[in-house]
Structure formats: structure tokens, C-alpha cells
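Just the heavy atoms: all of them, side chains too, but no hydrogens, waters or symmetry mates, feed the values below.
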Amino acid sequence: MIVQDSPIGPSLEGRSSVGIVTHVLLIALQDVVDVLDPDQFPSGVTHQVGVANLLIKPGALVHRLQFGVGMCQFGEADSDGGYVLSLEATLPTSHPELMAWQYKYSQCRWVALIRQIDEQCWLLGNPETGLRYTFNRSIATGQSSKLTFSGRDWHPAWALPTIDLATLFPDAGFDYSFNLSFDS
């Protein structure tokens, strides 16, 4: 794998979730080299970004968030010839780990890879503008924290075949067994 996986907050692995979004992977915009348009570089599935079409810098840090029942929602709407994409998560408490992450990355823009409960995966944001991140915390409502990622794009969210890091970003060294000769 050519990226570093960095989980944030407690693991919810194995817990059931009937919410819309269960997993979010965040890649800082400065680490995204390009996302090849699936209409120009088709993957075999309409409007789906192929595994080889998400290009990021080697060693990029991928931040991983997992959510429980109904804690995270994804929305998109067409607006003025483009689309408004939003990802909103509400966490019931403010984890020290989340607060440290918030302070460190509050000014960063992101590209998000998300997975819904039905295993459908999406890519949100683009390499030019990414998604803007905002954070709100309310002590009056039992110390809940709200994370919002939003942005505009010229197309709706593109589908992804998976958000599995080993599949999306495999170690792919040069294969010396490849041969162009007619004798092989």
C-alpha cells in the first residue's frame, strides 16, 4: 500500500449501522495529484472512477473516520450549472483525539471517499478545489461535535468500486516479467 492509514477516534468495527454513511476516508488536497474523469477514462461502469484513476502522492496520509447509527449523512444537489456536495457528521462527544486532529487540520481542504451501509462508495471533491471543512461544538447539547465537509463541482459525486486502501493504492512496482518480444 502506498498510503498511510490514520484512524481518528474510537473504532466502530463490527457494529451495525443503519445510517447513510458508515466510513469516510479523507485525503488532503495537496496530496491529490489528479482524479481522471470516468467519462474520458472509463472503468466499465458509467460514472465510476476506476481504481487506477485516483492519483495521489506516494506516502500520503489517509485519515479514516467510522460512524455509527445515523451519525453521518451525504447530500448533493444541482445548483447553477454545478453540484453542491456535502458530508455532515455529528459525534455525541468531543474526543481528545478528534480535537487534536481538528486543531491540526482546520484549514485543510479535502477529497473524501465514503462508503454507505449498502457498500456503495463515492468520491467527493476534486483536485482543484476540494471540500471545505468546518467544525462546530456545542456544550449545551451534551458536548456534541459537528464535522461538515462541503464543496461545489461541475458533476455529481462519482462512484468508486471500493474504499479499500489496498485495492485503491496497491504496491505496484515495475513488473520485470513483462516482455515485448514475439518469442515469449
Side-chain angles (χ1 to χ4, degrees), residues 1-8 17 19-67 72-89 101 105-135 147-175 177-178 180:
M1 192 166 29
I2 65 166
V3 297
Q4 301 175 47
D5 186 14
S6 176
I8 303 166
S17 174
I20 298 170
V21 177
T22 58
H23 295 76
V24 175
L25 303 180
L26 297 169
I27 304 169
L29 192 61
Q30 69 262 16
D31 291 331
V32 178
V33 176
D34 203 358
V35 178
L36 303 180
D37 185 331
D39 294 329
Q40 294 177 347
F41 302 94
S43 66
V45 178
T46 304
H47 303 300
Q48 178 173 294
V49 174
V51 170
N53 293 357
L54 177 57
L55 309 174
I56 65 169
K57 293 177 182 174
L61 192 60
V62 178
H63 304 271
R64 181 171 28 98
L65 295 162
Q66 291 180 275
F67 298 102
C72 185
Q73 288 82 32
F74 156 60
E76 66 182 338
D78 59 345
S79 172
D80 296 327
Y83 291 84
V84 176
L85 307 171
S86 65
L87 184 64
E88 194 171 284
W101 184 86
Y105 295 104
S106 64
Q107 299 302 312
C108 193
R109 287 187 177 252
W110 303 94
V111 168
L113 315 177
I114 66 171
R115 184 172 74 198
Q116 297 174 191
I117 188 66
D118 63 359
E119 303 291 323
Q120 176 64 53
C121 300
W122 302 97
L123 183 140
L124 310 178
N126 63 59
E128 291 81 33
T129 59
L131 300 172
R132 182 180 305 271
Y133 167 66
T134 57
F135 176 84
L147 289 72
T148 305
F149 299 88
S150 59
R152 295 183 58 84
D153 217 330
W154 59 269
H155 57 79
W158 281 334
L160 283 170
T162 182
I163 63 166
D164 176 60
L165 292 177
T167 302
L168 288 175
F169 311 111
D171 284 327
F174 185 76
D175 184 1
S177 66
F178 181 75
L180 290 175

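- Within a 6.0 Å radius of CZ in Arg132, no more than 12 heavy atoms belonging to other residues, nucleotides or ligands are found.
- Looking at every heavy atom in both residues, Trp158 comes nearest to Leu36 through CZ3-O, 4.4 Å.
- To the nearest 0.5 Å, atom CG of residue Leu26 and atom CG of residue Asp31 are 12.0 Å apart.
- To the nearest 0.5 angstrom, Trp110 atom CH2 is 11.5 Å from Leu25 atom CG.
- Residue pairs meeting the side-chain hydrogen bond (donor to acceptor under 3.5 Å, both in side chains) criterion with at least one partner in residues 32-41, sequence neighbours excluded, are Asp39-His47.
- Of all non-hydrogen atoms in Leu85 and Ala157, the two that sit nearest each other are CD2-N, 3.9 Å.
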Go through Leu61 and Tyr105 one step at a time and tell me if the side chain to side chain contact (heavy atoms under 4.5 Å, CB included) criterion holds. CA-CA 12 Å; Leu61 192 60; Tyr105 295 104; 3.7 Å; yes
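- In this structure, the side-chain contact (heavy atoms from CB on, under 4.5 Å) partners of Thr134, at least two apart in sequence or on a different chain, are Thr148.
- What you find for Leu54 and Val49 is that their closest heavy atoms are N-CG1, 4.3 Å.
- With rounding to the nearest 0.5 Å, the separation of CD1 in Ile163 from CG in Leu113 is 7.0 Å.
- Of all heavy-atom pairs spanning Gln30 and Lys57, the tightest one is O-NZ, 2.8 Å.
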Might you work through the side chain to side chain contact (heavy atoms under 4.5 Å, CB included) test for Asp78 and Tyr83, ending with a clear yes or no? CA-CA 4 Å; Asp78 59 345; Tyr83 291 84; 3.6 Å; yes
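- In terms of heavy-atom proximity, Pro127 sits nearest to Val35 at CG-N, 3.6 Å.
- Side-chain contact check for Asn53 versus Pro38: every heavy-atom pair is 4.5 Å or farther apart.
- Rounding to the nearest 0.5 angstrom, the gap separating the CG atom in Asp153 from the OG1 atom in Thr129 is 6.0 Å.
- The distance from atom CD1 of Ile56 to atom CZ of Phe169, rounded to the nearest 0.5 Å, is 4.0 Å.
- Glu88 is linked by a salt bridge (Lys or Arg N to Asp or Glu O under 4.0 Å) to Lys146, counting only residues two or more places apart in sequence or in another chain.
- Applying the side-chain contact (heavy atoms from CB on, under 4.5 Å) test to Ala159 and every residue at least two apart in sequence or in another chain returns Gln48, Gln120, Trp122.
- Side-chain contact check for Arg152 versus Asp80: some heavy-atom pair is nearer than 4.5 Å.
- Residues in residues 116-125 take part in these salt bridge (Lys or Arg N to Asp or Glu O under 4.0 Å) pairs, two or more places apart or across chains: Arg115-Glu119.
- Among residues two or more places apart in sequence or in another chain, the side-chain contact (heavy atoms from CB on, under 4.5 Å) test is passed with Ser106 by Gln102.
- Taken from CG in Leu131 to SG in Cys108, the straight-line distance is 10.5 Å, to the nearest 0.5 Å.
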